[in-house]
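Below is one structure, written out as structure tokens; the observations come after it.
Every chain is numbered from 1, with letters handed out A, B, ... down the list of sequences. Note: hydrogens, waters and symmetry copies are ignored here, and every other heavy atom, side chains too, is used. Computed from a predicted model, the values in this text were never measured in an experiment.
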There are 2 protein chains.
Amino acid sequence: MQRLDTLAGMLKSDDFLTVKDLAISLGTSTRTIFRDINILRDRGLPIDADKGRGGGVKLHRSWGLGRLSLTDQETIDLLISLAISEKMNSPLFMDNLKPIRYKLMALLSPDQKSNVENLRGRILIGSSASPIVLSSYELSPRQQASELSAAFLCQRQLSICYSDESNKITKRTIEPHYLYLNYPVWYILAWDHLRTGFRTFRCDRILKPMVMEKSFKVRPFEDFTHMIKTDNPILP
Amino acid sequence: MQRLDTLAGMLKSDDFLTVKDLAISLGTSTRTIFRDINILRDRGLPIDADKGRGGGVKLHRSWGLGRLSLTDQETIDLLISLAISEKMNSPLFMDNLKPIRYKLMALLSPDQKSNVENLRGRILIGSSASPIVLSSYELSPRQQASELSAAFLCQRQLSICYSDESNKITKRTIEPHYLYLNYPVWYILAWDHLRTGFRTFRCDRILKPMVMEKSFKVRPFEDFTHMIKTDNPILP
DNA sequence: TCAAATATGACATAAAGTGTCAGTTGTGTC
DNA sequence: GACACAACTGACACTTTATGTCATATTTGA
């Protein structure tokens, strides 16, 4: 079964390879190679074959036929990235993003699916950031974004240290309900357990994010609308 | 072999299932289920098991362990989307995008890789579009974006009909060298074979894109710099 | 015409998967 | 502590599948 993958890989090289050569380099018989090729064709791989002298077999120029397996964090980031792209990429390049998302979701368990289904609804795209914000924008944030994204997607509480505009650092526990982009600055619209109220946090000012065990239920967007003024960028 | 996938899917449900139940619903013996579970464990799936009364088997909560296989066009769009995300998403959510890109590229043949390697360098992000441009922006473009993206990624010539600002439609053959975003409007920086010169095309004004056989070599960015003024959005 | 190549069918054999059975270990309940 | 339940493991026969050999057809280029 491993051999099928190897074979598919070999066929991807541009030259025409003869079945005989393939059989030798895979240590098997030509008959088996022919059978394997049929299996690959059944799977939908477009394999060209030329008969006669100088002929051979070749996988028609194509791209995404391999199998991709991802880690947890990669899947989370990919899903969020796709959601952002679908929100942002101004319909142009999202034609085929939807099927990818469906394929990804087919691999998830039912409760994971429900997390992802409302994902796009939790990502908000605003206008571009103002020069004032940009001037204080930390270009290379040292925080681990993976903690942020995991807590956001999995709807888990997040423990952070936050440095406000006067560089005063406070430790907080927040529920990251919505992500809000004033390009290129990301904000988290959250429930703040310390202040017991809705607060906005600029992601590049978050210092030591840590996903907590406790989860939360996403609040309706209406609870946060008053925090977003489309004319002015948000200054937390 | 199909059974392994089904089994992995069943284990993803949150309840603890007994091996006996799994054997019945999969129409096989418990011994086989145990063997299958070992195979899945060898593949790295974290499977919890509780002995004793009320015990059972369960796949530990995790995300990205399935195998994803994509079509050509999906792979192309995903790669482009990732490249855009890495360019745009303002370092926050790109931590794990790079490994995904590497995994995707591992599935590609050598010549396909070289196409992808310089992909990010061919995507340019500018400022936001001006109100003037936005007013004439076609929100639901009817063109097939997949043709555009395929031609761009595979470095193939593109036959298009272009409707300019006075709605005059001309048929052209272009080489799509660079993509340029004035959010939310995408432009293609191209060599125009009809006018034999560098031209900029607004993507939403492209009508019948068609990938041609003939390929081209990407020209250095310097050839196009004079077409981009960061202060003014481009009006082709 | 010939040789090289894909392609398919038939059949014996080799390999892998499966089921039955027996047994071990751990866990909760009575 | 006894018992039932349930995850595990090993051994062996059996069944299914995969593989190799051989034969044959078909296309193609020199």
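Atom pair B:Leu40:CG and D:dC8:P shows a separation of 13 Å (rounding to whole Å applied). Rounded to whole Å, atom C1' of C:dT8 lies 15 Å from atom CD1 of A:Ile39. With rounding to whole Å, A:Leu22 atom CG is found 13 Å from C:dA5 atom C1'. The separation between A:Leu4 atom CG and D:dT19 atom C1' is 13 Å, rounded to whole Å. The separation between B:Arg31 atom CZ and D:dG10 atom P is 8 Å, rounded to whole Å. Atom CG of A:Asp36 and atom C1' of D:dG20 are 13 Å apart (whole Å). Rounded to whole Å, atom C1' of C:dA7 lies 10 Å from atom CD1 of A:Ile37. Regarding A:Lys58, its NZ atom lies at a distance of 17 Å from the P atom of C:dA5, rounded to whole Å.
When ring centroids are compared, B:Phe198 and B:His177 stay outside the 6.0 Å threshold. For B:Tyr180 and B:Trp186, the distance between ring centers is not under 6.0 angstrom.
Side-chain contact check for B:Thr200 versus B:Phe224: every heavy-atom pair is 4.5 Å or farther apart. Residues A:Lys171 and A:Lys208 form no side-chain contact, since every pair of their non-hydrogen atoms from C-beta on lies 4.5 Å or further apart. Between A:Leu22 and A:Leu11, some side-chain heavy-atom pair lies under the 4.5 Å cut-off. The closest side-chain heavy-atom distance from B:Glu213 to B:Arg156 is below 4.5 Å. Between B:Asp36 and B:Leu40 there is no side-chain heavy-atom pair separated by less than 4.5 Å.
Defining each end axis of the helix from C:dT1-D:dA30 to C:dC30-D:dG1 as the rotation carrying four pairs' C1' atoms onto the next four, with five pairs an end, the two axes are found to diverge by 30° to 10 degrees.
By the ring pair (Phe, Tyr, Trp, His ring centres under 6.0 Å) test, A:Phe34 pairs with no residue at all, sequence neighbours left out. With sequence neighbours left out, B:Arg101 forms a side chain to side chain donor-acceptor pair (under 3.5 Å) with B:Glu86. By the side chain to side chain donor-acceptor pair (under 3.5 Å) test, A:Ser29 is found to be paired with A:Thr32, residues two or more places apart in sequence or in another chain being considered.
As judged by a 4.0 angstrom heavy-atom cut-off over every strand, B:Thr28 is placed among residues touching the sugar-phosphate backbone only.
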For nucleotides 25-30 of chain D, read 5' to 3', which letter fits each nucleotide if B means a protein heavy atom sits under 4.0 Å from the base, S means only the sugar-phosphate is that close, and - means neither?
-> -BBBB-
Once each nucleotide of nucleotides 13-18 of chain D is scored for protein heavy atoms under 4.0 Å, what B/S/- sequence comes out, 5' to 3'?
-> ------
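Of the candidate nucleotides D:dG20, D:dG10, C:dT6, C:dT6 has the atom nearest to the side chain of A:Phe34.
Nearest-nucleotide positions on DNA chain C for A:Asn38 and A:Gly55 put A:Gly55 closer to the 5' end.
Phosphate contact (OP1/OP2 of C:dA7, side-chain N/O of A:Arg41, threshold under 4.0 Å): present.
Remark: the backbone N or O of B:Ile47 is paired with a side-chain donor or acceptor of B:Arg41 at under 3.5 angstrom.
Exactly one residue among A:Phe152, A:Trp191, A:Tyr162 makes a ring pair (Phe, Tyr, Trp, His ring centres under 6.0 Å) with A:Phe201. That residue is A:Tyr162.
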